[in-house]
Protein chains: 2
Amino acid sequence: MAQSDTVVRILDTAEALFAEKGFAETSLRVITSRAKVNLAAVNYHFGSKKALIQAVFARYLDPFCEEFNKELASLEKKSEVTLEELLEVLARCTVSVPATKGSLSVFMRLLGLAYTQAQGHMRRYLQEHYGQTFLRFTNLLKLSSADLPDAERFWRIHFMLGAVVFTMSSLDALRDIALSDYNEKTRIADLVARLLPVVTAAMQAPVPEQPELVH
Amino acid sequence: MAQSDTVVRILDTAEALFAEKGFAETSLRVITSRAKVNLAAVNYHFGSKKALIQAVFARYLDPFCEEFNKELASLEKKSEVTLEELLEVLARCTVSVPATKGSLSVFMRLLGLAYTQAQGHMRRYLQEHYGQTFLRFTNLLKLSSADLPDAERFWRIHFMLGAVVFTMSSLDALRDIALSDYNEKTRIADLVARLLPVVTAAMQAPVPEQPELVH
DNA sequence: TAATGTTTGAAACACCTGTTTAACTTGGAG
DNA sequence: CTCCAAGTTAAACAGGTGTTTCAAACATTA
């Protein structure tokens, strides 16, 4: 068939390789040969390597955002939203959505890479396409932690984002250690259960003295 | 002079460029030309690009570990160590040591990159050269949080490591946002002041029900 | 001063990169 | 059956990569 599964095979292979080695370290030749697809297929179907990277992200983030936006909408209707509620919704969407199609740890590792590596175009892409959903989330977060100064909340969001992304992105290695050192087989659900009280406590930690503002 | 400053100039330039663009994205030609040094100098003085990357880290981490080990030694003599004490020592060493020679944010970004990017040789190098100091730290951490189950502490260490590394690795971008959105010029010292209570609270968060162990 | 070992310099090496080209195959509509 | 657009293929392109070579320049020792 002409309309074959070439696109999907490229996406699957690229996703796995990107997560394993990073973007710059993964060449189109490795992707296409492992996907059993011609080298030119990437440029034909996606246009460029950059566009392929973005497509890999979109395949995860689009369904996630759709689901998450629904949940946010129902939360926005409520008169009051607790921090625990909001975080629980976030955790549930994160776990449920990509579970239907792939490994969560792969996606998390990709997200971590996107933030640190390739500082340019990926950040811009994520901001442009998913910034609105993120803003919606932070608005609710503001309601559920009204006593926190805005700047303090801003930083804590990123602290916690780091905790999640970093842990998830080296999940396999950490899981191995947890198994051998503590005899614990950690499922994603267990990790989320561990993260929730930590993140909640972190967000509610006492506020230190403020740094001076720009006059 | 034969013993010129070539090595230092390479290290300075490589450090800045690695932090800015990542390891794979920074070529030896860019480094050497900006450092006003011959292309072959890197391979002559360091042996390879990998060795150069490791040398960049060693220049930061060696003095840090020396200082940190001293502090750890005096803590180990005490009969009791609180979590706040231990974290404060860690923060102080982190801030003070590299401040003598370069930007802390550069170093932190490098550390973040090392963990996410180039998963292979850098992780191994860090483990081999600085794993013992890390172990010493975690042993003290265990004493200062004795009520925490070992597995729980293990995961929380990595949550907090992620919070620090991730934030630091995208520090410049976050700092720009903090400045434009909250009119705050965040110095590294401010960030550390923000991190300390958050990390402390996170480590002391209530422990959720345990996941089942491998029989 | 002469010999020595270290450091630099320009060029080449072999290889890998993303992208483009143009010929070729193929599935489905008229 | 014909035709056309969509998809695939192998080859080439232009440029960048880390590394090596070997002669020249240099500082330091005898």
Side-chain angles (χ1 to χ4, degrees), chain A residues 1-59 110 113-114 117-122 124-125, chain B residues 1-59 110 113-114 117-122 124-125:
Chain A
M1 47 190 140
Q3 180 82 353
S4 79
D5 54 346
T6 303
V7 170
V8 176
R9 289 238 301 286
I10 292 177
L11 283 172
D12 286 341
T13 315
E15 175 184 300
L17 286 170
F18 285 154
E20 192 181 327
K21 310 211 178 208
F23 303 117
E25 294 85 350
T26 304
S27 73
L28 293 184
R29 280 172 176 80
V30 173
I31 295 173
T32 52
S33 73
R34 185 185 287 197
K36 296 195 203 319
V37 150
N38 188 271
L39 168 62
V42 168
N43 286 282
Y44 177 78
H45 287 285
F46 297 94
S48 69
K49 187 183 180 182
K50 274 187 189 179
L52 169 62
I53 296 175
Q54 293 171 357
V56 167
F57 275 90
R59 198 164 60 138
L110 287 178
L113 286 178
Q117 207 164 337
Q119 72 291 18
H121 75 101
M122 261 329 285
R124 227 174 302 123
Y125 176 82
Chain B
M1 47 191 142
Q3 182 81 353
S4 80
D5 55 346
T6 303
V7 171
V8 176
R9 290 238 300 286
I10 291 177
L11 283 172
D12 286 341
T13 315
E15 175 184 298
L17 286 170
F18 285 154
E20 192 182 327
K21 309 208 179 211
F23 304 116
E25 295 85 350
T26 304
S27 73
L28 293 184
R29 280 169 177 81
V30 172
I31 295 172
T32 51
S33 74
R34 185 184 288 197
K36 297 195 201 321
V37 151
N38 189 270
L39 169 62
V42 169
N43 286 280
Y44 176 77
H45 287 286
F46 297 94
S48 67
K49 188 182 179 181
K50 275 187 189 178
L52 170 61
I53 296 175
Q54 292 172 357
V56 167
F57 276 90
R59 199 165 57 139
L110 287 178
L113 286 178
Q117 208 165 335
Q119 74 291 14
H121 76 102
M122 261 329 285
R124 225 175 303 124
Y125 176 82

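Every chain is numbered from 1 and lettered A, B, ... according to where its sequence line falls, protein lines coming before strand lines.
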Legend entry - Rounded distance in Å - CD1 (B:I31) to P (D:dT17): 10 Å
Legend entry - Listed nucleotide nearest any side-chain atom of A:A40, set C:dT17, D:dT9, C:dT19: D:dT9
Inset, instruction - Remember a base hit wins even if backbone is also touched, and classify B:T32 as base, sugar-phosphate or nothing at under 4.0 Å, heavy atoms. - result: nothing
Legend entry - Contact under 4.0 Å: B:H45 side-chain N or O vs C:dT8 OP1/OP2: yes
Inset, instruction - Would you please confirm or rule out a distance under 4.0 Å between OP1 or OP2 of D:dT8 and any side-chain N or O of A:T6? - result: yes
Inset, instruction - Can you tell me the distance, in whole Å, between the CG atom of B:D5 and the P atom of D:dA27? - result: 13 Å
Inset, instruction - Report the distance from atom CG of B:L28 to atom C1' of D:dT17, rounded to the nearest whole Å. - result: 8 Å
Legend entry - d(CD1, B:I10; P, C:dG9) in whole Å: 11 Å
Legend entry - B:N38 or A:L39, whichever maps to the more 5' nucleotide of DNA chain C: B:N38
Legend entry - D:dG16 phosphate, OP1 or OP2, under 4.0 Å from B:S27 side-chain N/O: no
Legend entry - Geometric class of the A:F57/A:F23 ring pair [parallel <30°, tilted 30-60°, perpendicular >60°]: tilted
Legend entry - Interatomic distance, A:K36 NZ vs D:dT9 P [rounded to whole Å]: 12 Å
Legend entry - N/O donor-acceptor pair, side chain A:R29 with base C:dG18, under 3.5 angstrom: yes
Inset, instruction - May I have the distance from B:Y44 (atom OH) to C:dA10 (atom P), rounded to whole angstrom? - result: 17 Å
Legend entry - Residue pair B:L52 / B:A14: nearest heavy atoms and the distance that separates them: CD2-CB, 4.0 Å
Legend entry - Atom pair distance, as rounded to whole Å: CG in A:N43 and P in C:dT17: 14 Å
Legend entry - Nearest heavy-atom neighbours spanning A:A41 and A:T6: CB-CG2, 4.1 Å
Legend entry - B:I31 side, atom CD1; B:T13 side, atom OG1 - distance, nearest 0.5 Å: 8.0 Å
Legend entry - Side-chain ion pair, A:D12 and A:R34, N-O less than 4.0 Å: no
Inset, instruction - Tell me what B:A41 touches on the nucleic acid: a base, only sugar-phosphate, or nothing, going by heavy atoms under 4.0 Å. - result: nothing
Legend entry - Nearest-angstrom distance from the residue atom CG of A:L52 to P of C:dT17: 15 Å
